[in-house]
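These notes are about the structure you will find just below.
In this chain, residues are counted from 1 in sequence order.
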Amino acid sequence: MNINLSKMVTESRNPATAAIDTLPTLEVLTVINHEDKQVPVAVEATLPQIAKIVDKVVEAFAQGGRLIYSGAGTSGRLGILDASECPPTYGTPREQVVGLIAGGQIAILQAVENAEDSREMGEQDLRNLNFSARDILVGIAASGRTPYVLGAMSYAKSVGATVASISCNPGSEMSQAADIAIEAIVGPEVVTGSSRMKAGTAQKLLLNMITTGAMIRSGKVYGNLMVDVEATNAKLFQRQINIVVEATQCSPSEAESALEACNRHCKTAILMIISGLSADESAELLKKNKGFIRNALQGVKS
């Protein structure tokens, strides 16, 4: 397969690092650090597009839809990482945010030969999830040309879903196929073609923004507190107590009592303490207000 990489920014040589192999260790790291500083600037330039994706994700969640990531290699692993951290952090169902990687589960830990070159596999992985128009697909590839991702994007469009893309090359095939395209142009890598570096860092920042923004806009954050956090270990049990204390200014013992009364649901415990309502009344009020604590509190005041 003949692929023209010469016009891709992510595959071009970086003149600032042409002699990096001759430098002492501290200077090597200084050069890498200098290049990394360009990443958040490149991400900043894409904020309007990120906002559009976040709003579409919120809309999908409200309709019972899902956020699906599709990627290969580093990009696929970053999508899986972001998806896997949503349930413990925000109490989301595990199927609400899903990361797909070319080659399947084994590809998370090791490269799978030629997996990213199959458009059909990208489509089939979405079919296996019963992907529908209610869902939103975000294709991730530094190059902007990965066939696996393009196959997924094409299928997602064919069923009427919103399709977004994240890449690090301008005017890529993925960008042209997407409804919303993010192009974080971070420039050539320190080591030519090693897109796990600046491109990967940009992708991580972008995915953080998409899910964090969507969770905030879906009522899963009160102030800056993760009020839907699930307690699955000792640290998180303590975090729940701290969250309730911070939100209500109650004592740790009051927080623990409220959490025990409502099956350790931070939102309910917070509403109970602030409003004086019972656990059942607080849970019902939250349900009526789609999980938004501020809106529920307005209902108490009115």
Side-chain angles (χ1 to χ4, degrees), residues 46 48-73 75-87 90 92-105 107-108 112 114-167 169 171-184 203 206-207 209-215 217-218 290:
T46 71
Q49 289 73 41
I50 302 170
K52 290 179 182 178
I53 295 176
V54 168
D55 287 342
K56 286 293 185 181
V57 172
V58 173
E59 183 180 307
F61 286 171
Q63 296 173 352
R66 301 165 294 176
L67 166 60
I68 310 296
Y69 293 133
S70 174
S75 299
R77 295 183 192 104
L78 288 169
I80 289 169
L81 173 64
D82 193 67
S84 66
E85 291 179 342
C86 288
Y90 297 111
T92 59
R94 299 196 178 277
E95 65 274 11
Q96 189 174 56
V97 184
V98 177
L100 297 175
I101 185 170
Q105 291 294 310
I108 298 172
V112 176
N114 300 323
E116 72 173 59
D117 295 329
S118 173
R119 292 180 67 108
E120 294 76 20
M121 190 181 297
E123 175 178 333
Q124 187 59 50
D125 283 351
L126 285 189
R127 287 183 180 274
N128 292 344
L129 288 178
N130 295 316
F131 187 89
S132 74
R134 291 192 306 174
D135 302 320
I136 176 169
L137 178 74
V138 177
I140 317 165
S143 67
R145 57 148 301 277
T146 303
Y148 173 84
V149 180
L150 286 166
M153 291 175 66
S154 177
Y155 178 71
K157 291 201 83 170
S158 75
V159 301
T162 297
V163 177
S165 67
I166 293 175
S167 64
N169 281 298
S172 71
E173 191 175 350
M174 278 172 50
S175 293
Q176 293 171 34
D179 300 309
I180 309 168
I182 293 177
E183 295 179 339
Q203 290 171 345
L206 291 162
L207 299 180
M209 285 185 171
I210 290 170
T211 45
T212 303
M215 297 305 169
R217 298 293 293 160
S218 297
K290 299 180 179 179

Show me the donor-acceptor pairs, under 3.5 Å and distance only, between side chains in residues 146-166 and residues at least two apart or in other chains.
{"unit_1": "Tyr148", "atom_1": "OH", "unit_2": "Asp125", "atom_2": "OD2", "d": "2.6"}
{"unit_1": "Lys157", "atom_1": "NZ", "unit_2": "Ala177", "atom_2": "O", "d": "3.2"}
{"unit_1": "Ser158", "atom_1": "OG", "unit_2": "Tyr155", "atom_2": "O", "d": "2.6"}

Short question: side chain of [X], backbone of [Y] - any donor-acceptor pair under 3.5 Å?
X	Y	result
Glu173	Gly144	no
Thr46	Gln49	no
Arg94	Ala83	no
Thr212	Met209	no

(Q) Run the side-chain contact (heavy atoms from CB on, under 4.5 Å) test on Leu78 and Ile140 for me, step by step, so that the C-alpha distance in whole Å, both residues' side-chain angles and the decisive distance to 0.1 Å come before the verdict. (A) CA-CA 9 Å; Leu78 288 169; Ile140 317 165; 5.8 Å; no
Residues two or more places apart in sequence or in another chain: which of them pass side-chain contact (heavy atoms from CB on, under 4.5 Å) with [X]?
X	result
Val58	Val54, Ala214, Arg217, Ser218
Lys52	Ile180
Asp135	Arg66, Phe131, Ser132
Thr211	Leu67, Tyr69, Asp82, Cys86, Val97

Q. In chain order, what residues pass the salt bridge (Lys or Arg N to Asp or Glu O under 4.0 Å) check against Glu123, with sequence neighbours excluded?
A. Arg127
Q: Please say whether more than 12 non-hydrogen atoms of neighbouring residues, nucleotides or ligands are located less than 6.0 Å from CD in Gln63.
A: yes
**Q.** Check against side-chain hydrogen bond (donor to acceptor under 3.5 Å, both in side chains), Gln203 and Ser75
**A.** CA-CA 7 Å; Gln203 290 171 345; Ser75 299; 3.1 Å; yes
